[in-house]
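See structure below.
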Amino acid sequence: MTTRTDYCGRLDTSDVGRVVTVCGWVARRREHGEHLAFIDLRDRTGVVQCVVDGAADLRNEYVVAVTGTVRERPEGTVNPELATGRVEIGDTTVEILNPSDPLPFQIDSRVEVDETIRIRHRYLDLRSERMQRNMRLRARVNSAIRRAMEAQEFVEIETPMLIASTPEGARDFVVPSRLQPGSFYALPQSPQLFKQLCMVGGIDRYFQLARCLRDEDLRADRQFEFIQLDMEMSFADGADVRAVISEAVAAAVEEVTGTRPPSFPEITWQEAMERFGSDKPDTRFGMELVELTEVFADTGFNAFKAPSVKGIRVPGGASLGRNKLDQLTDRVKSWGAKGLVWIKVGDAGQVTSPVAKFLSETEVAGLLAATGAEAGDIIYLVADEWRTVVRILGLLRLELGRPPVTEGGLDFLWVTDFPLFEDIDENGTPVSAHHPFTMPGAEYVDGLAEAAGDPEKLLAMTSQAYDLVLNGWELGSGSVRVHRADIQNAIFSLLGIGPEEAQAKFGFLLDAFRYGAPPHAGFAFGIDRVVAILAGEENIREVIAFPKTQSGADPLTHAPTPIDPAQLDELGLRLLPPKS
RNA sequence: GGUCCCGUGGUGAAGUCUGGAGUUCACGCCGGCCUGUCAAGCCGGAGGUCGCGGGUUCAAAUCCCGUCGGGACCGCCA
């Protein structure tokens with residue numbers, strides 16, 4: 001085979017006169033009769049025009065080596081759209097290294113190809129400029145993060161993929177054991193427990209670009225398997241962790257954009273919920289939630305006689321028709337709201353609403369003042385329990401105002417002081433918001449036992465847990481961990497986990513903690529998500545080389561597939577008949 | 001478990017609401033012409049189980065039911 005001397009996209013006028021050999025795929029041909037044709041040859045760096053004597057035996061996507069002389073293009077034929085547009089390769093000989101059948105879809109971006117077809121033929125899709133760019137961007141982000149962590153004296157440690165199933169958290173992927181039929185490994189949802197063991201082991205600063213697996217439903221920002229920057233550090237608090245992560249993320253952003261982002265603002269979970277109705281607020285746009293409970297404190301309108309009333313104002317939203325508003329109301333109800341009240345503001349400040357007749361003049365005036373509504377605006381209101389109100393309006397805010405991923409810049413945000421417990425179950429037992437090794441807020445550490453059985457106190461307790469949010473996507477979360485047995489026992493007690501159960505579930509961690517566990521804290525954030533946003537993609541599949549569909553299937557390899565009965569037999573497994 | 005949207009030559013779309021001959025557009029593919037194009041151009045051609053199954057009807061891409069596949073979302077994701 002002819003030896004390549006140059007990459008297509010790197011030739012320029014400084015190469016004029018050189019005899020070069022470039023290798024790649026025929027991206028396009030332009031024939032001008034029997035003895036003149038232009039070939040755009042594509043490799044990973046771009047395309048270059050080759051002038052050939054007839055191209056009758058060349059077809060799109062043939063793999064060829066072209067040898068010829070780099071020359072400046074004749075006057076008037078320079079293509080300013082092309083990086084190599086000032087030059088071309090002439091006096092060429094073409095060696096066909098491999099022909100190609102016509103492709104199932106075109107590589108160029110002239111038409112948006114159905115994503116299933118792209119994934120089924122991902123080896124072709126990867127040739128596209130978009131996928132080349134995304135894959136290389138991802139590699140640069142990985143590299144920048146690794147360098148930033150190493151510069152901060154973190155050591156990369158690999159943790160096992162075949163681990164014990166733990167009952168908490170997401171649904172595990174499980175792997176049957178051949179040597180111990182009837183027993184199973186789980187694939188890690190994260191290296192959580194191992195990295196804490198690393199702290200006990202004196203590693204001091206651990207990191208890993210860790211593959212994590214969770215058997216939960218897939219979404220635009222969720223695949224079964226994903227990569228996290230996972231880290232843990234000893235003798236450190238939450239602020240230390242946030243500084244380290246901020247540095248790594250800033251390094252990644254700088255690598256991609258050339259600009260270092262400003263330091264990331266921090267708000268508490270409580271503030272995020274009050275203002276944005278979300279623990280992962282998209283702060284690229286306004287439309288914040290407006291507190292209206294006081295305005296309607298003495299209302300005669302039954303629907304507003306609720307613990308909490310809030311609204312959001314959409315500037316210029318009054319032009320929405322009745323049909324659209326009904327659809328929106330249905331949508332909001334599907335999220336679990338009792339209903340959605342809308343109020344339009346007219347030119348003279350008068351309000352139009354199905355419920356206008358139930359509202360007093362004072363209430364309307366208070367509403368307009370609180371929301372700052374102007375003529376042409378629409379206000380949506382929800383009244384219910386506080387948690388429901390903020391959740392519904394948070395979803396509605398995104399539905400109505402969320403910009404495309406490529407607009408509004410990069411809005412990083414730390415959300416701190418998450419609640420320690422997210423709910424109380426029907427037995428009166430609190431449910432961990434993060435995981436049971438999360439350190440409570442400093443002011444609650446000594447009062448854990450007294451809070452038992454008091455839902456109000458339990459739900460008011462914060463934890464030293466924090467999330468990193470980018471443009472409304474949760475990039476990741478972390479916390480200060482409990483390293484003291486007395487605090488851990490108090491939390492287990494609140495969660496209704498007795499000593500035997502704790503030992504059964506997390507025994508090896510608790511054992512390790514008896515031998516001098518240092519105070520430690522950590523974090524993990526999703527590489528796929530940050531890369532997608534940096535790449536301007538709405539979907540992490542676009543930054544994953546071989547992704548799965550929403551139903552968890554791989555159109556390329558057809559996974560998952562049934563397995564041979566002999567394999568099942570070896571594992572001591574038998575299939576149940578399919579559910580009808 | 002649930003809601004919504006999509007499925008039409010190789011690719012992308014229109015046609016579906018309001019039933020009437022597989023109709024249209026762009027790209028690609030095949031052949032011809034063409035010596036400076038670059039999303040080349042011009043001429044000609046091939047290519048279809050309108051996802052699948054059932055129903056309604058004189059007649060279904062179109063209406064109804066079911067099903068499969070894809071997507072967005074709710075639940076789920078400590």
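Letters go in sequence order (proteins before strands), and every chain restarts at 1. Keep in mind that this is a model prediction, so the values were computed, not measured.
- Looking at heavy-atom distances under 4.0 Å, A/Asn539 makes contact with sugar-phosphate atoms alone, never a base.
- Base engagement by A/Arg71 is indicated by at least one non-hydrogen atom pair under 4.0 Å involving a base atom.
- Using a 4.0 Å heavy-atom distance criterion, A/Arg541 is classed as a sugar-phosphate-only contact.
- For the C1' atom pair drawn from B/U62 and B/G20, the interatomic distance equals 11 Å after rounding to whole Å.
- Across all strands, A/Thr438 comes closer than 4.0 Å to no nucleic acid atom at all (heavy-atom distances).
- Counting any heavy atom pair closer than 4.0 Å across all strands shown, A/Ala37 reaches no nucleic acid atom.
- Side-chain contact check for A/Glu537 and A/Asn134: at least one donor-acceptor pair (N or O, by modelled atom type) lies under 3.5 Å.
- For A/Thr549, whose side chain is taken as the heavy atoms from C-beta onward, the closest listed nucleotide among B/C73, B/G12, B/G70 is B/G70.
- Relative to the six-membered ring of A/Phe285, A/Arg397 meets both conditions, a distance below 6.0 Å and an angle of at most 45° to the axis.
- Between the base of B/C38 and the side chain of A/Arg73 there is a donor-acceptor pair shorter than 3.5 Å.
- Contact annotation: side chain of A/Glu88 to base of B/G36, donor-acceptor pair present below 3.5 Å.
- Within 4.0 Å (heavy atoms only), A/Glu422 reaches no atom of the nucleic acid at all.
- Taking 3.5 Å as the limit, the base of B/U37 and the side chain of A/Gln49 contain a donor-acceptor pair of atoms between them.
- When the P atom is used for both B/C5 and B/C64, the distance is 12 Å, rounded to whole Å.
- Checked against B/G36, B/A72, B/G70, the side chain of A/Phe38 finds its nearest nucleotide in B/G36.
- Taken residue by residue, residues 188-198 of chain A places heavy atoms nearer than 4.0 Å to RNA chain B at A/Gln192.
- Between the side chain of A/Arg219 and the base of B/G75, at least one donor-acceptor pair of N or O atoms lies under 3.5 Å.
- Checked by atom type, the side-chain pair A/Gln503/A/Asp511 shows a donor-acceptor distance below 3.5 Å.
- Note on A/Asp215: nothing from the nucleic acid sits closer than 4.0 angstrom, heavy atoms only.
- Remark: the A/Ser190 side chain and the A/Gln228 side chain contain no N/O donor-acceptor pair separated by less than 3.5 Å.
- If you measure from atom CD of A/Glu537 to atom C1' of B/A72, you get 16 Å, rounded to the nearest angstrom.
- Within residues 488-500 of chain A, no residue has any heavy atom closer than 4.0 Å to RNA chain B.
- Ring-to-base geometry does not place A/Phe105 in a stacked arrangement with B/U11 (centre distance under 5.5 Å, plane angle under 30° required).
- When heavy atoms are screened at a 4.0 angstrom cut-off, A/Pro74 is found touching base atoms of the nucleic acid.
- Put simply, the side chain of A/Arg222 and the base of B/C76 share a donor and an acceptor less than 3.5 Å apart.
- Residue contacts for A/Gln106: at a heavy-atom cut-off of 4.0 Å it reaches a base atom on one of the strands shown.
- The base of B/G7 does not come close enough to the side chain of A/Asp114 for any donor and acceptor atom to sit less than 3.5 Å apart.
- Among the heavy atoms of the strands, none lies under 4.0 Å from A/Asp330.
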